[in-house]
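The block underneath contains the structure these notes are about, expressed in structure tokens.
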Amino acid sequence: MNTSLIGLIDLNNFYVSCERVFDPKLWGRPVVVLSNNDGACVARSQEAKALGIAMGVPWFQVAPLQHSHGLIALSSNYALYGRLSQRIAAIIRSHVPQQEIYSIDESFVDLSGIADPNTLATQLRQKILDWTHIPSCIGIATTKTRAKLANHIAKTHPEFQGVFNLESCTPQWQENIFRHMDVQEVWGIGRRMAKRLQNLGIHSVFDLYKANPHELHHQIGVVLARTILELQGKPCLNLHTQPVPQQQMVVSRSFSGLVTHINELKSALLQHTCRAAEKLRQRGLVTPALIVFAHTHPFRTQDPQYHGHCMVPLVTPSQDTLQLVQAAVQGLKQMYRPGYRYKKAGVMLPDLRPCHEQQSDWLDPGTSCQRQSLMQTLDQINQRFGQKTLVPASTLNTRRVAMRRDRCSPNYMGKWDEIFSVSCDQDFLRTW
DNA sequence: TCTGGGGTCCTAGGACCC
DNA sequence: TCTGGGGTCCTAGGACCC
């Protein structure tokens, strides 16, 4: 039987790398990409990491580095990152038989039975770089958890030139590497679990690798036991080459300031509801209910706190914007409490099902067909003329709340009027 | 002044049933 | 006096991921 071999392709500092593709001035400079509302740093260039900027750190804490160290901060441009991610996924797919797209910047691939996986990985990495200018690292090992570790080694040791195969090392060498890595580097071990493990005397990856999975299963849980087995080279996590059916959907945003008026909450919630319904239709899903929620600012401990939510069941599972908007308004009325300063609001759609499994409303089948074609038309118009060209009237009669996004790059790959352009003079053209 | 958004999985405990 | 045991389902909360 062939032993399985898994590769993990991880795009380096992905959001920053995407911005650099279109703006060479960003090369060699410390750069961060900020979360929505320009709140926190969610991606950092190597130079920014070297300045000690941690993942998720609030922007205001590091903003002084702009003047002292030339730090550049950009608002996140997910439309751009999504397009580049799709391109790279297609390049990977053309090189390997099986691919699991794990996140916007990571893919697991099946390298079992490939004669020279290291060479294939090196070629693939080079092609991604040549075709998109996005640097990446590839870790190779017998399980996903080990491939993650191998990737980490590839990232942190430039001498391996971006590709590291854990299985080409001797067991002694592997153990030596594991001894020098903190247990929190292991995929699935977060801050809290690391703390619990430290109390049990498990500090390094090596300590966890040598631990008894059955004992820790009883002491802590099955997730940890699986992690240990994976670390020891016994696969517990399969490659998901087919997309896993989505169970729930959340669309939510923080406000850039604090919101008190019900109409401001309504504006945000209805925008989120329209977006959620659109995503349902894109993914061919229906929801049996809609949950609206809003809460106050958790860091403002001096303010009274409130976490409100309300579930509104639908008559039949739906992906219809107008039905969902109606449910959201109903939920908001029940959930809203005056006198609080709200920081965030959103909608959740639970228990999603494919729409082909949906039972139509037998009391009124004609109307549901008409509504389907109405929604198709809505999507087509918005796709052709831009998002929010056609919206339900009820979303207009509200106080709008804007999101802060002061440092955003253009949508170079998604909008004609923002497309990347190159200009050059006549002399230059004559040289061609 | 200023702290993201979108997911998954697991577990414990309560309600309920026979 | 004395009050079972085993199963399922649901939900909330915790932990983790990118």
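Residue numbering restarts at 1 for every chain, and letters A, B, ... go by the order of the sequence lines.
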*Can you sort out the partners of Asp320(A) under salt bridge (Lys or Arg N to Asp or Glu O under 4.0 Å), two or more places apart, ordered by chain and number?*
Arg371(A)
*Examine the side chains of Gln161(A) and Thr122(A) and answer whether a donor and an acceptor come within less than 3.5 Å of each other.*
no
_Would you say Ser107(A) and Arg93(A) are linked by a side-chain donor-acceptor pair, where the criterion is simply a distance under 3.5 Å?_
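Per modelled atom types, Arg93(A) and Ser107(A) side chains form no pair under 3.5 Å.
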In whole angstrom, what separates [X]'s [atom1] from [N]'s [atom2]?
X	N	atom1	atom2	answer
Ile220(A)	dA12(B)	CD1	P	12 Å
Glu100(A)	dC18(C)	CD	P	12 Å
Leu149(A)	dC17(C)	CG	P	12 Å
His218(A)	dT11(B)	NE2	P	11 Å
Tyr81(A)	dC18(C)	OH	C1'	15 Å
Asp105(A)	dC17(C)	CG	P	14 Å
Met311(A)	dA12(C)	CE	P	9 Å

*Please measure how far the C1' atom in dG4(C) lies from the corresponding atom in dC16(B), and state the result in whole Å.*
15 Å
Using modelled atom types only, decide if a donor and an acceptor are shared between the side chain of [X] and the backbone of [Y] within a distance under 3.5 Å.
X	Y	answer
Asn382(A)	Thr389(A)	yes
Arg125(A)	Val163(A)	no
Asp303(A)	Tyr340(A)	no
Asp351(A)	Pro288(A)	no

Below 3.5 Å is the cut-off: list the nitrogen or oxygen pairs between protein and nucleotides 3-9 of chain B, distance only.
unit_1, atom_1, unit_2, atom_2, d
dT3(B), OP1, Lys343(A), NZ, 2.9
dT3(B), OP2, His297(A), NE2, 3.4
dG4(B), O4', Ser35(A), OG, 2.9
dG5(B), OP1, Ser254(A), N, 2.4
dG5(B), OP2, Ser254(A), OG, 2.8
dG5(B), OP2, Lys344(A), NZ, 3.3
dG5(B), O3', Ser252(A), O, 3.4
dG5(B), O3', Arg253(A), NH1, 3.1
dG6(B), OP1, Ser252(A), N, 3.4
dG6(B), OP1, Arg253(A), NH1, 2.9
dG6(B), OP2, Ser252(A), N, 2.7
dG6(B), OP2, Ser252(A), O, 3.0
dG6(B), OP2, Ser252(A), OG, 2.7
dG6(B), O5', Val250(A), O, 3.4
dG7(B), OP1, Gln246(A), NE2, 3.1
dG7(B), OP2, Val250(A), N, 2.6
dG7(B), OP2, Val250(A), O, 3.4
dG7(B), O5', Gln246(A), NE2, 3.2
dT8(B), OP1, Gln247(A), N, 3.1
dC9(B), OP2, Gln247(A), NE2, 2.8

*asked:* Among residues at least two apart in sequence or on other chains, which ones pass side-chain contact (heavy atoms from CB on, under 4.5 Å) with Pro350(A)?
replied: Thr287(A), Ala289(A), Ile291(A)
*Counterpart residues, ring-ring contact (aromatic ring centres under 6.0 Å, His included), relative to Trp59(A) (two or more places apart)*: none
*Out of Leu378(A), Val347(A), Val325(A), Val391(A), which one pairs with Cys274(A) under the side-chain contact (heavy atoms from CB on, under 4.5 Å) rule?*
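The residue from Leu378(A), Val347(A), Val325(A), Val391(A) that satisfies side-chain contact (heavy atoms from CB on, under 4.5 Å) with Cys274(A) turns out to be Val325(A).
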*Report which part of the nucleic acid Val222(A) touches: base, sugar-phosphate, or nothing (heavy-atom distance under 4.0 Å, all strands).*
sugar-phosphate
*Side-chain ion pair, Glu47(A) and Arg20(A), N-O less than 4.0 Å*: yes
_Within residues 178-209 of chain A, residues whose heavy atoms come under 4.0 Å of DNA chain C_ = Val186(A), Trp187(A), Gly188(A), Ile189(A), Gly190(A), Arg191(A), Arg192(A), Met193(A)
*For DNA chain C, which consecutive runs of 3 or more Watson-Crick or G-U pairs (each distance under 3.5 Å) count as stems?*
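Result, WC/G-U stems under 3.5 Å: B:5-18 with C:5-18.
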